[in-house]
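All residue numbers in this chain count up from 1 along the given sequence. All figures in this text were calculated on a predicted structure; none of them were measured in a lab. Hydrogens, waters and symmetry mates are skipped; everything else that's a heavy atom, side chains included, is used.
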Amino acid sequence: MINSASRLRARTLLRQYAVPTVALGVFAGVAGGAALGIWGMARRTSTVYDRLVAYEGAATLSVFACTEGLDSATIQANFLELCVDFDYADIRAFLDESPGVATSGRYTLVISGVAPADHPERWTRQLVPVAVDAGAVPALGTPIVVEGRLADPSVASEVVVNEAAAEQFDVGIGGWIIITPYLKAEFDSAGEGVEPPQGRPTAVTVVGIIRRPGDLAARLGGASIYGNASTVETGPAWYRDIGGSAAGCGTLVAAPLKLA
């Protein structure tokens with residue numbers, strides 16, 4: 001217990017040094033609040049990737065298939081015909097009838113040259129994610145829309161880009177870029193990325209700038225195998241528009257599962 005003399009001394013010191021005491025209290029409060037704020041930020045930062053993955057809600061199941069009954073040597077010699085163009089009709093029918101599957105759809109990565117509309121010669125080779133079927137659009141998940149909106153899958157000329165692509169091509173909402181896919185016959189040269197693609201150039205407009213978990217991973221651990229973190233995403237209408245003749249890295253079926 002504090003005795004009467006101690007309490008009297010405390011009141012005297014408080015009156016004598018009122019301003020410094022209040023200032024010290026305010027400083028302590030601010031410092032304590034800042035410390036708690038930094039701790040809270042660190043805690044949220046440590047879970048940001050997991051929270052972004054949960055928000056995106058992309059399919060947890062992907063299926064890659066080739067023609068059955070063939071040996072590996074035959075598949076390797078005819079990979080494009082047997083695997084890349086596999087239609088998945090039976091597999092999709094099975095998935096669509098499964099009670100635990102919400103939807104399904106094919107998607108692929110088209111090897112393309114992407115360039116600013118005003119400088120088509122400044123193309124860079126990229127893997128362009130494409131939802132081949134409408135069912136693959138929700139299966140690929142919902143990205144964070146930083147600016148603008150998501151593209152309409154039924155409009156071939158609408159695309160979304162991530163922040164790295166917007167910066168690389170110096171393009172904003174309403175800006176145009178050119179996507180030129182490599183043809184299937186150029187599969188080998190597409191892998192080298194030295195010669196420009198010979199597919200049909202398509203001018204597309206950017207309707208949204210997005211952010212996905214892969215964008216955070218690219219910032220932390222480097223870019224893709226192509227050394228480029230920028231991404232341009234297209235949809236079924238664009239894939240139909242180019243006639244499905246593009247060189248890709250295989251077609252898969254994405255099937256998000258229903259949550260219990």
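- Within 6.0 Å of CZ on F64 lie more than 12 heavy atoms contributed by other residues, nucleotides or ligands.
- Considering only heavy atoms from C-beta on, I242 stays 4.5 Å or farther from I179 through its side chain.
- Side chain of D96 to backbone of A93: no donor-acceptor contact under 3.5 angstrom is found.
- With hydrophobic clusters built from ILVMFWY side chains whose heavy atoms lie under 4.5 angstrom apart, L150 does not share a cluster with V161.
- Heavy atoms of other residues, nucleotides or ligands lying less than 6.0 angstrom from CG of D87 number more than 12.
- Scanning both residues, G199 and L183, for their nearest heavy atoms gives CA-CD2, 3.7 Å.
- No continuous path of ILVMFWY side-chain contacts below 4.5 Å connects W176 to I173, so the two sit in separate hydrophobic clusters.
- Side chain of Y88 to backbone of T251: a donor-acceptor contact under 3.5 angstrom is found.
- From Q126, atom CD reaches atom CD of Q168 across 5.5 Å, with rounding to the nearest 0.5 Å.
- Side-chain contact between P236 and P153 is present, with heavy atoms from C-beta onward closer than 4.5 Å.
- From E163, atom CD reaches atom CD1 of I210 across 9.5 Å, with rounding to the nearest 0.5 Å.
- In this structure a side-chain-to-backbone donor-acceptor pair under 3.5 Å is missing from E147 to I209.
- In this structure, CD on E121 lies 9.5 Å from CD1 on I178, to the nearest 0.5 angstrom.
- In terms of heavy atoms, A255 sits closest to S104 at CB-CB, 4.2 Å.
- Cluster membership for I144 and V207, using ILVMFWY side-chain heavy atoms within less than 4.5 angstrom, is not shared.
- Between the N162 side chain and the A229 main chain, a donor and an acceptor come within less than 3.5 Å of each other.
- When all heavy atoms are compared, the tightest approach of L127 to P129 is O-CD, 3.3 Å.
- Between V128 and V232, the closest heavy-atom pair is CG1-O, 3.1 Å.
- V145 and V155 end up in different hydrophobic clusters when Ile, Leu, Val, Met, Phe, Trp and Tyr side chains are linked at under 4.5 Å.
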Q | Steps toward side-chain hydrogen bond (donor to acceptor under 3.5 Å, both in side chains) verdict (T180, W123) | A | CA-CA 9 Å; T180 307; W123 63 276; over 6 Å; no
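- V204 has its side chain within reach of W238: a pair of non-hydrogen atoms, C-beta onward, lies under 4.5 Å apart.
- When all heavy atoms of I177 and F169 are compared, the closest pair comes out as CG2-CB, 4.3 Å.
- Looking at E186, its side chain does come within 3.5 Å of a backbone N or O of Q198 through a donor-acceptor pair.
- Residues P120 and A115 come closest through the heavy atom pair O-CB, 3.5 Å.
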Side-chain donor/acceptor pairs under 3.5 Å, residues 130-143, sequence neighbours excluded:
{"residue": "D133", "atom": "OD1", "partner": "R106", "partner atom": "NE", "Å": "3.4"}
{"residue": "D133", "atom": "OD1", "partner": "R106", "partner atom": "NH2", "Å": "2.8"}
{"residue": "D133", "atom": "OD2", "partner": "R92", "partner atom": "NH1", "Å": "3.1"}
{"residue": "D133", "atom": "OD2", "partner": "R106", "partner atom": "N", "Å": "2.8"}
{"residue": "D133", "atom": "OD2", "partner": "R106", "partner atom": "NE", "Å": "2.8"}

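- Clustering ILVMFWY residues whenever any of their side-chain heavy atoms sit less than 4.5 angstrom apart, transitively, puts V146 in the very cluster that holds V206.
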